Amino acid sequence: MGVYARRPPRPNMLQRTLTVYIRQHCHLCTEMARALVPYQQRFALSFEFVDVDEDPVLCARYGEKVPVLADGEQEICQFFLSDQALVEHLGTPVRAPASVSGAPRNERIHAIARQIPKGRVATYGQLAAIEGRSTARMVGNAMAALPAGSDVPWQRVLNSRGMLSPRSGGGGTSEQKRALMAEGVLFDRRDRVDFAVVGWSGPEPQWLADNDCHHTPPAGVSRGKH
DNA sequence: TAAGTGACTTTTC
DNA sequence: AGAAAAGCCACTT
């Protein structure tokens with residue numbers, strides 16, 4: 001028992017549950033757990049502590065970068081508790097975005113892409129399947145239609161091989177790779193990402209329902225060698 | 001209308 | 001493994 005003992009993973013309407021990725025015998029993890037205590041009551045939070053060593057995927061994803069404080073798919077801070085990041089995150093809660101159900105195709109695709117968390121990637125085909133009435137090529141076209149400076153995280157959309165898709169103009173992919181690496185996404189020797197590590201599992205079920213989208217298997221499944 | 005063109009994916013060599 | 005070909009579908013010319 002120790003600092004991780006209190007753990008009511010029991011989400012309800014009034015209480016938000018944040019996830020803390022930790023590993024045993026980690027000093028920073030202990031410190032973050034302690035630092036979170038005051039916030040527990042102040043914001044009606046509960047915490048779920050997850051030992052990354054118990055899940056190979058989490059272990060690969062976070063490696064030595066623990067602890068990480070997250071709200072669902074969204075990472076809030078790592079190593080140390082950031083009061084600014086946490087308060088800011090909690091201060092912009094459950095902003096119920098207007099549903100894009102029935103919106104034009106590109107608008108729906110962009111809305112889905114905005115759901116991809118920092119540090120994760122999706123494929124064109126995956127977004128198409130989530131949207132429901134689009135093909136991967138249409139998703140590519142929707143990304144190409146994005147104006148510069150858009151708030152859509154277009155860099156997180158890759159092709160089915162986990163690589164950056166070359167543009168007709170030629171350039172653009174180096175900026176994409178740079179942006180992804182800045183988010184902690186790793187590329188192998190052949191410039192491919194590992195979907196098992198950074199692949200996105202799709203929007204939350206509630207979001208899918210609100211926006212008339214579909215649950216689909218994450219990218220990279222059934223692509224592995226048996 | 002027909003033909004050409006993608007920030008795609010899958011199948012075939 | 002990697003390249004080429006074939007499907008693909010909305011848009012543009």
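This structure is a prediction, so every number in the text was calculated from the model and none was measured. Below, read A as the first sequence line, B as the second, and so on, with proteins coming before strands; counting in each chain starts at 1. Side chains are part of it too, since the values below use all heavy atoms of this structure and drop only hydrogens, waters and symmetry mates.
The pair Asp53(A)-Arg23(A) meets the salt-bridge criterion, since a charged nitrogen lies less than 4.0 angstrom from a carboxylate oxygen. Salt bridge status for Glu183(A) with Arg120(A): absent, with no side-chain N to carboxylate O gap under 4.0 Å.
Here chain A contacts DNA chain C (any atom closer than 4.0 Å to a heavy atom, that is under 4.0 Å), and the contacts span dG2(C) to dA10(C) from 5' to 3'.
Cation-pi geometry between Lys65(A) and Phe79(A) is not met: the NZ or CZ atom fails to fall both under 6.0 Å from the ring centre and inside 45° of the normal.
Of the residues in residues 106-133 of chain A, none lies under 4.0 Å from DNA chain C by heavy-atom distance. Taken residue by residue, residues 134-150 of chain A places heavy atoms nearer than 4.0 Å to DNA chain B at Ala136(A), Arg137(A), Gly140(A), Asn141(A), Met143(A), Ala144(A).
Residue pairs meeting the salt bridge (Lys or Arg N to Asp or Glu O under 4.0 Å) criterion with at least one partner in residues 98-109 of chain A, sequence neighbours excluded, are Arg108(A)-Glu131(A).
Without hydrogens or angle criteria, Arg156(A) side chain to Ile116(A) main chain gives a donor-acceptor distance under 3.5 Å. With hydrogens and angles disregarded, no donor-acceptor distance shorter than 3.5 Å links the side chain of Glu73(A) to the backbone of Ser201(A).
If you take atom C1' in dG6(B) and the same atom in dC8(C), they sit 11 Å apart, rounded to whole Å.
Other members of a hydrophobic cluster containing Val100(A) are absent, since no ILVMFWY side chain comes under 4.5 Å of it, directly or through relayed contacts.
Summarising the geometry, atom OG1 belonging to Thr30(A) is positioned 8.0 Å from atom CD1 belonging to Ile22(A); distances are rounded to the nearest 0.5 Å.
Taking the ring-ring contact (aromatic ring centres under 6.0 Å, His included) definition, one finds that Tyr62(A) meets it with Tyr21(A), sequence neighbours left out.
Nearest heavy-atom pair across Leu180(A) and Gln155(A) is CD1-O, 3.3 Å.
Side-chain N/O atoms of Thr173(A) include none lying less than 4.0 angstrom from OP1 or OP2 on dA7(B).
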